[in-house]
Novice: 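Just passing along the structure, written as structure tokens.
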Protein chains: 2
Amino acid sequence: MRRGNGVTVWSQIAAQLRIEIDSGRTPPGTKLPPEADLAQHFGVNRHTVRRALEELARNRLIRIEHGRGSFVAEPVLDYQINRRPRFSEWVRRHNREPLGEVLSLREIDLAELAEADIIADALSLPSGEAVIELERLGKADDRPIALSRHIFPARRHPGLLKALAAHKTITAALYSIGITDYVRLRSRISARMPTPREAGLLALEAGAPVLQSENLNITEAEIPLELCFVIYPATRVALIVEPSGSSDLDSDHRMVG
Amino acid sequence: MRRGNGVTVWSQIAAQLRIEIDSGRTPPGTKLPPEADLAQHFGVNRHTVRRALEELARNRLIRIEHGRGSFVAEPVLDYQINRRPRFSEWVRRHNREPLGEVLSLREIDLAELAEADIIADALSLPSGEAVIELERLGKADDRPIALSRHIFPARRHPGLLKALAAHKTITAALYSIGITDYVRLRSRISARMPTPREAGLLALEAGAPVLQSENLNITEAEIPLELCFVIYPATRVALIVEPSGSSDLDSDHRMVG
DNA sequence: CAAAATTTGTGCGTATGTATG
DNA sequence: ACATACATACGCACAAATTTT
């Protein structure tokens with residue numbers, strides 16, 4: 001621990017513990033040494049260690065339990081919902097290695113899908129249309145964190161099926177057929193219990209729910225491009241929203257009594 | 001059914017069925033009559049009825065199941081997350097009657113709460129501070145739809161405890177002590193299984209998960225005002241997000257292969 | 001079941017370095 | 001140069017929660 005160089009001792013300790021936890025050498029659930037031991041190990045007062053642990057708890061890296069000890073927490077990937085969501089960018093920001101795995105890719109008649117009405121509405125398609133369905137499992141450091149189904153209008157984008165099969169990323173495939181940019185228009189977030197298949201793919205513990213997000217992406221020209229159903233393991237992912245449009249101009253009062 | 005007056009017949013039928021469902025006379029799970037019967041009843045062709053049912057399915061009022069029939073869906077309240085969230089406004093927009101019920105209101109030392117670190121961080125409070133905790137159950141037409149815990153810094157707003165006890169709405173209480181406006185800075189959305197107490201209060205079916213939202217509200221002067229933990233029954237509420245900030249300037253590619 | 005040991009939580013006093021006026 | 005205020009870090013003591021004996 002270097003002192004008097006402008007960086008506080010407690011933040012140096014916090015940083016060191018963070019590296020230890022992030023590296024994976026101390027897996028989730030591990031009990032940290034008692035504060036007294038840590039203090040001795042780092043050659044500082046227990047208060048100083050406590051300040052470091054407090055910091056880690058604020059960032060949800062550990063859980064401090066009175067009388068029991070401090071424990072390494074299950075890492076949660078905070079996913080900030082913005083207009084240009086990119087899977088691997090998000091994962092890398094958390095210092096994890098992204099990996100996408102294609103489970104299936106096919107062209108199919110819209111009417112054969114269970115959510116036909118919702119898809120037709122969102123993508124402004126007649127009900128008898130052909131769509132491209134891509135199913136994908138997203139991982140971070142080999143831990144599954146997202147199971148997604150992407151639905152594209154097939155006739156509106158000839159050659160997209162081949163492009164998706166040929167390119168490693170959706171963005172690249174779209175680019176190759178002339179769609180250089182697209183943004184997220186809206187997300188609908190819910191939660192439910194997973195099906196057995198989903199639980200298996202996402203390696204979920206029994207009784208663990210999933211976050212479900214239904215996203216509509218549009219092109220630069222504001223034409224509906226893709227409807228995307230994603231589920232996340234709720235214990236490993238949280239969604240962050242930073243509202244910006246006010247939209248509620250008329251005033252109302254929250255009920256209390 | 002009036003024809004030739006500019007309003008399509010199918011939308012008249014859809015509107016009539018919607019009223020029937022919204023009124024509660026046909027509770028969730030009820031099987032609608034077969035399309036042929038409905039066609040005869042309304043004196044129209046089956047195609048016209050199908051068009052009406054399609055519309056209702058898009059709006060998630062019913063579920064159409066191939067070969068089985070159509071069923072009244074559990075009503076889902078879409079909650080659009082914006083900068084000025086107001087509970088009763090939201091509920092009324094869905095033509096339901098809002099009601100707020102105070103479960104508890106007290107001043108307590110921050111350190112006694114389980115989420116002390118997270119609250120201290122979000123509200124920029126030292127750990128030994130006093131906070132006001134308000135717990136509230138929100139209902140729509142007597143169906144519980146939200147269980148919230150509001151945490152305010154007590155010292156920063158003297159008189160707030162009394163104000164909250166005296167006024168019927170949080171907004172009114174805040175107004176009375178000089179806080180005329182506040183907005184939502186960020187929400188953190190997750191999902192989990194409810195505790196037995198939560199399941200009881202929200203009248204949840206066994207095994208049903210809840211959506212959890214942790215919200216930070218700030219004053220006009222951008223001072224942290226309130227941290228608010230809300231849980232929603234996932235079967236009855238969905239959150240809608242319309243992203244606006246791009247924030248992702250560097251380009252990345254979504255993984256596919 | 002009770003006592004002891006372990007571990008985190010809190011309070012107070014002191015010393016030191018740093019920014020402010 | 002000096003006084004003041006503030007944050008950091010240390011030392012010690014005891015309280016509270018939990019586990020072990």
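Just so we're on the same page: letters track the sequence lines, and every chain starts at 1.
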Novice: Quick one: closest heavy-atom pair of B:Arg186 and B:Ala122, and the distance?
Specialist: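 Scanning both residues, the minimum pair turns out to be NH2-CB, 4.4 Å.
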Novice: What's the CD-C1' distance between A:Gln12 and D:dA9, to the nearest Å?
Specialist: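 About 13 Å, once rounded to whole Å.
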Novice: Which of these, A:Arg143, A:His94, A:Arg93, sits in a side-chain contact (heavy atoms from CB on, under 4.5 Å) with A:Leu77?
Specialist: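 Result: among A:Arg143, A:His94, A:Arg93, A:His94 is the only option passing the side-chain contact (heavy atoms from CB on, under 4.5 Å) with A:Leu77.
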Novice: Any residue in residues 38-47 of chain A with a heavy atom nearer than 4.0 angstrom to DNA chain C? Just list them by number, or reply none.
Specialist: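 Of all residues in residues 38-47 of chain A, the ones placing a heavy atom under 4.0 Å from DNA chain C are A:Arg46, A:His47.
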Novice: So, OP1 or OP2 of C:dT8: does either fall under 4.0 Å of a side-chain N or O from A:Arg68?
Specialist: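 So the side chain of A:Arg68 is outside the cut-off, no N or O lying under 4.0 Å from OP1 or OP2 of C:dT8.
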Novice: Between atom CD in A:Glu35 and atom C1' in C:dG9, what is the gap in whole Å?
Specialist: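 To the nearest whole Å, that distance equals 8 Å.
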Novice: Please tell me which of the listed nucleotides, D:dT19, C:dT8, D:dA9, lies nearest to the side chain of A:Thr48?
Specialist: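 Nearest listed nucleotide: D:dA9.
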Novice: DNA chain D: A:Gly67 or A:Thr8, which has the more 5' nearest nucleotide?
Specialist: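 Looking at the nearest nucleotide for each, A:Thr8 comes out on the 5' side.
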Novice: From CG of A:Leu32 over to C1' of C:dT7, roughly how many Å is that when rounded to an integer?
Specialist: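 Rounded to the whole Å, the gap is 13 Å.
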Novice: With a distance cut-off below 6.0 Å to the six-membered ring centre and an angular limit of 45° from the axis, does A:Arg86 pair with A:Tyr182 as a cation-pi contact?
Specialist: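 Yes.
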Novice: A:Met193 and A:Glu198: side-chain contact (heavy atoms from CB on, under 4.5 Å), yes or no, with the steps?
Specialist: CA-CA 9 Å; A:Met193 299 309 291; A:Glu198 291 167 342; over 6 Å; no
Novice: Please state how far atom CD in A:Glu55 lies from atom C1' in D:dA7, giving the value in whole angstrom units.
Specialist: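 Whole-Å distance recorded here is 15 Å.
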Novice: Atom CD of A:Glu65 and atom C1' of C:dT6: how far apart are they, to the nearest Å?
Specialist: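 It works out to 15 Å between those atoms.
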Novice: Give me the ring orientation class for A:Tyr79 and A:Trp90: parallel if the planes are under 30° apart, tilted from 30 to 60°, perpendicular past 60°.
Specialist: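 Rings of A:Tyr79 and A:Trp90: parallel, under 30°.
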Novice: When you look at NZ of A:Lys31, are more than 12 heavy atoms from neighbouring residues, nucleotides or ligands closer to it than 6.0 Å?
Specialist: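 Yes, enclosed.
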Novice: Is D:dA1 paired to anything, Watson-Crick or G-U wobble with both distances less than 3.5 Å, and if yes, which nucleotide?
Specialist: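 For D:dA1, the partner nucleotide comes out as none, under the 3.5 Å rule.
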Novice: Let me know the distance between CZ of A:Arg50 and P of D:dG11, rounded to the nearest Å.
Specialist: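 The distance from CZ of A:Arg50 to P of D:dG11 comes to 17 Å, rounded to the nearest Å.
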Novice: Taking atom CD of A:Glu74 as the centre, report whether more than 12 heavy atoms of other residues, nucleotides or ligands fall under 6.0 Å from it.
Specialist: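 Atom CD in A:Glu74 is crowded, with more than 12 foreign heavy atoms closer than 6.0 Å.
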Novice: Starting at atom CZ of A:Arg51, determine the distance to atom C1' of C:dT8, rounded to an integer number of angstrom.
Specialist: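 Taking CZ of A:Arg51 and C1' of C:dT8, I get 17 Å after rounding.
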Novice: Starting at atom CZ of A:Arg63, determine the distance to atom P of D:dT18, rounded to an integer number of angstrom.
Specialist: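 Those two atoms, CZ and P, are 14 Å apart.
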